[in-house]
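Keep in mind that what you see is a predicted model, and the values were worked out from it rather than measured.
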Amino acid sequence: MNQNVFVILLIACGLLFKIQISYAQESTVDTSKVRVLRIDPATANGGSMSQVFEEIDFIPLQSTKESMFGDIKQLETTENFYIIFDDDTKCILIFDKNGIFKNKINIGKIIGGKIDPQDIDVHSFKLVDSKLIEFSTSNKAYKFDTEGKQIGEPIDIKREHISNETYFFKDSTYIESYFKVNSNFLYQYVYLKQGKIKSKYFKLETGKNSSEGDFAVGGPSFIQTTENGKLYGVRNYDYNIYQLDNNGISIAFRLIFPSKNTLPKDFNTNKIYKGKRLQYFFKNAENIFGIGYTYGIGDYLYFKCGSLSSNIRKNGSFVYDLKNDYLISLNRLDPDSLSHNLPIIGTWDNDFKKFDGNYLYASLSSLELFSFYEQVKKKNPQYPIAMQNYFKKGSKKDNPVLIRLKPKRVS
């Protein structure tokens with residue numbers, strides 16, 4: 001079992017340690033062991049699901065008046081439950097492993113009655129030791145058990161800084177993402193030990209410049225791999241995949257794309273692009289604005305490309321066989337008996353939600369699945385019982401369907 005503790009943290013780490021803020025020079029990224037991968041999305045190979053995965057299971061999430069939600073912004077798993085955060089409704093929903101709805105935490109009602117979800121500054125939760133669900137507002141922290149029952153009264157908190165996510169390494173070092181101590185700038189990654197900052201990486205401006213428009217592929221700040229204590233991370237407008245471990249940050253992979261898909265080399269530094277990035281991408285839709293969801297699983301590297309190009313939006317999720325230098329498009333994998341004759345990748349912005357060390361998790365909307373069902377039903381495909389009942393009794397308006405995939409590790 002992975003002994004590192006991975007937590008998604010909205011409440012500041014000032015709750016755990018008194019942070020000593022310093023403004024030392026930004027730390028240097030190690031570039032001594034970069035592996036270059038040449039990627040051409042247009043020529044990526046297709047194939048069968050069984051080339052990449054060992055198991056694929058579809059889990060319809062029960063649709064009732066109480067359990068209906070829009071999209072899975074965050075997914076956490078325990079031995080008995082799937083716990084989902086829906087950013088549109090600001091609700092945390094709990095389903096058992098068969099997809100049966102168990103409970104819902106309505107954050108708006110919890111923190112003050114009838115509040116417009118768009119006015120609630122909560123965008124995720126953290127799962128502690130697979131037993132506690134925690135989330136925080138600007139001044140209070142709330143705790144629930146995994147059945148959705150509130151534990152105690154809210155705790156008053158005072159933030160000395162704000163961060164998004166935290167990962168604890170074995171040696172008591174921990175790393176935080178999007179570490180902000182004032183209104184002018186933040187650091188994408190900060191390493192700390194016993195509340196003292198050890199190193200800082202990637203200074204980012206906030207305030208006016210941050211509101212002028214940016215594109216990002218999305219995904220978690222810390223992307224887990226199958227190696228203990230090693231994470232991957234990415235940056236906006238950057239084709240590097242960064243390795244994060246207790247020693248600091250290094251570049252693990254550099255992706256090289258065809259020139260028509262590649263940003264200008266000075267895109268992050270030249271002032272002519274500052275405040276005009278949105279316009280640039282609308283004029284240069286073929287350019288890839290970033291990569292994300294970079295899961296390292298055995299011999300395979302998963303990643304997603306972000307672009308406004310319809311070609312890449314329809315064919316932007318990939319897995320790279322690192323042993324054989326072979327690129328596979330997940331969008332071009334044909335449904336087969338392993339996938340119960342169903343697709344696993346939907347719209348361009350709907351990628352893997354989580355890797356728990358054993359399984360990858362994705363989801364498809366009911367609209368997408370029923371549309372596919374209508375296209376192929378004349379072929380009389382064979383579905384598992386749960387999906388037979390789903391297609392028989394459900395509709396395009398139902399909750400998304402969760403997909404659990406066991407990826408191969410050895411090519």
Side-chain angles (χ1 to χ4, degrees), residues 1-33 121-129 131-132 134-143 154-207 210 219-225 227-236 238 240-252:
M1 182 177 179
N2 190 334
Q3 296 179 10
N4 294 293
V5 181
F6 178 76
V7 292
I8 294 188
L9 194 62
L10 277 178
I11 55 177
C13 277
L15 292 174
L16 305 174
F17 304 103
K18 181 175 177 59
I19 303 298
Q20 297 181 22
I21 303 298
S22 64
Y23 295 93
Q25 186 176 355
E26 186 174 324
S27 301
T28 302
V29 173
D30 182 358
T31 60
S32 63
K33 298 179 180 179
D121 190 23
V122 177
H123 301 285
S124 65
F125 66 92
K126 69 170 181 173
L127 181 64
V128 182
D129 296 331
K131 296 178 181 179
L132 292 177
E134 297 185 2
F135 69 87
S136 71
T137 61
S138 60
N139 58 2
K140 290 186 183 294
Y142 299 80
K143 294 185 179 182
I155 301 171
D156 291 330
I157 59 175
K158 182 179 179 180
R159 298 186 186 218
E160 296 189 14
H161 73 279
I162 298 172
S163 63
N164 279 6
E165 299 181 23
T166 297
Y167 181 93
F168 290 93
F169 296 102
K170 291 180 181 179
D171 63 353
S172 75
T173 298
Y174 60 102
I175 182 173
E176 298 194 5
S177 68
Y178 297 98
F179 186 101
K180 183 177 181 180
V181 294
N182 63 43
S183 60
N184 297 318
F185 65 87
L186 54 79
Y187 287 95
Q188 186 166 337
Y189 297 114
V190 171
Y191 281 78
L192 304 101
K193 191 168 187 176
Q194 296 179 337
K196 184 177 181 180
I197 293 177
K198 293 177 58 181
S199 54
K200 300 178 290 191
Y201 296 86
F202 310 138
K203 185 177 179 179
L204 303 170
E205 291 182 339
T206 59
S210 69
S221 299
F222 304 127
I223 307 169
Q224 287 193 281
T225 72
E227 295 186 45
N228 276 357
K230 185 171 82 173
L231 310 170
Y232 285 153
V234 296
R235 302 183 66 200
N236 287 354
D238 188 324
N240 294 319
I241 298 175
Y242 296 89
Q243 178 177 310
L244 289 58
D245 57 32
N246 62 339
N247 295 315
I249 296 180
S250 59
I251 299 177

Check side-chain hydrogen bond (donor to acceptor under 3.5 Å, both in side chains) between [X] and all other residues, then give those that pass, not counting sequence neighbours.
{"X": "Tyr191", "value": "none"}
{"X": "Thr31", "value": "none"}
{"X": "Asn247", "value": "none"}
{"X": "Ser177", "value": "Ser221"}

CG/Leu192 to NZ/Lys200 distance, rounded to the nearest 0.5 angstrom?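 These two atoms lie 10.0 Å from each other.
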Spacing of OG1 belonging to Thr173 relative to NZ belonging to Lys198, to within rounding of 0.5 Å: 3.5 Å
Set of ring-ring contact (aromatic ring centres under 6.0 Å, His included) partners for Tyr178, sequence neighbours left out: none
Test of understanding: with ring-ring contact (aromatic ring centres under 6.0 Å, His included), list the residues that count as partners of Tyr232, not counting sequence neighbours.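 By the ring-ring contact (aromatic ring centres under 6.0 Å, His included) rule, Tyr232 matches no residue at all.
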How close do [X] and [Y] get, counting heavy atoms only, and between which atoms?
{"X": "Lys230", "Y": "Thr225", "value": "O-OG1, 2.9 Å"}
{"X": "Asn246", "Y": "Phe169", "value": "N-CE2, 3.6 Å"}
{"X": "Ser27", "Y": "Ser199", "value": "OG-CB, 3.0 Å"}
{"X": "Tyr167", "Y": "Gln224", "value": "CE1-NE2, 4.1 Å"}

Is any side-chain heavy atom of [X] less than 4.5 Å from a side-chain heavy atom of [Y]?
{"X": "Ile155", "Y": "Tyr142", "result": "no"}
{"X": "Leu186", "Y": "Phe179", "result": "no"}
{"X": "Tyr174", "Y": "Ser172", "result": "no"}
{"X": "Gln243", "Y": "Leu231", "result": "no"}
{"X": "Glu134", "Y": "Phe125", "result": "no"}

Are Leu244 and Ile175 close enough, and set up right, to give a side-chain contact (heavy atoms from CB on, under 4.5 Å), and what steps lead you there? CA-CA 9 Å; Leu244 289 58; Ile175 182 173; 3.6 Å; yes
Could you work out, with side chain to side chain contact (heavy atoms under 4.5 Å, CB included) as the rule, every residue matching [X], not counting sequence neighbours?
{"X": "Asn240", "value": "Asp238, Tyr242, Ile251, Arg254"}
{"X": "Asp30", "value": "Ser32, Ser250"}
{"X": "Lys203", "value": "Glu26, Phe185, Tyr187"}

For Gln188 and Val234, indicate whether the former's side chain and the latter's backbone hold a donor-acceptor pair under 3.5 Å. yes
Give a yes or no on whether Lys143 atom NZ has more than 12 heavy-atom contacts from other residues, nucleotides or ligands under 6.0 Å away.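 Incorrect, the count does not exceed 12.
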Please test Phe202 against Val29 for side-chain contact (heavy atoms from CB on, under 4.5 Å), starting from the C-alpha separation and ending with a verdict. CA-CA 9 Å; Phe202 310 138; Val29 173; 3.7 Å; yes
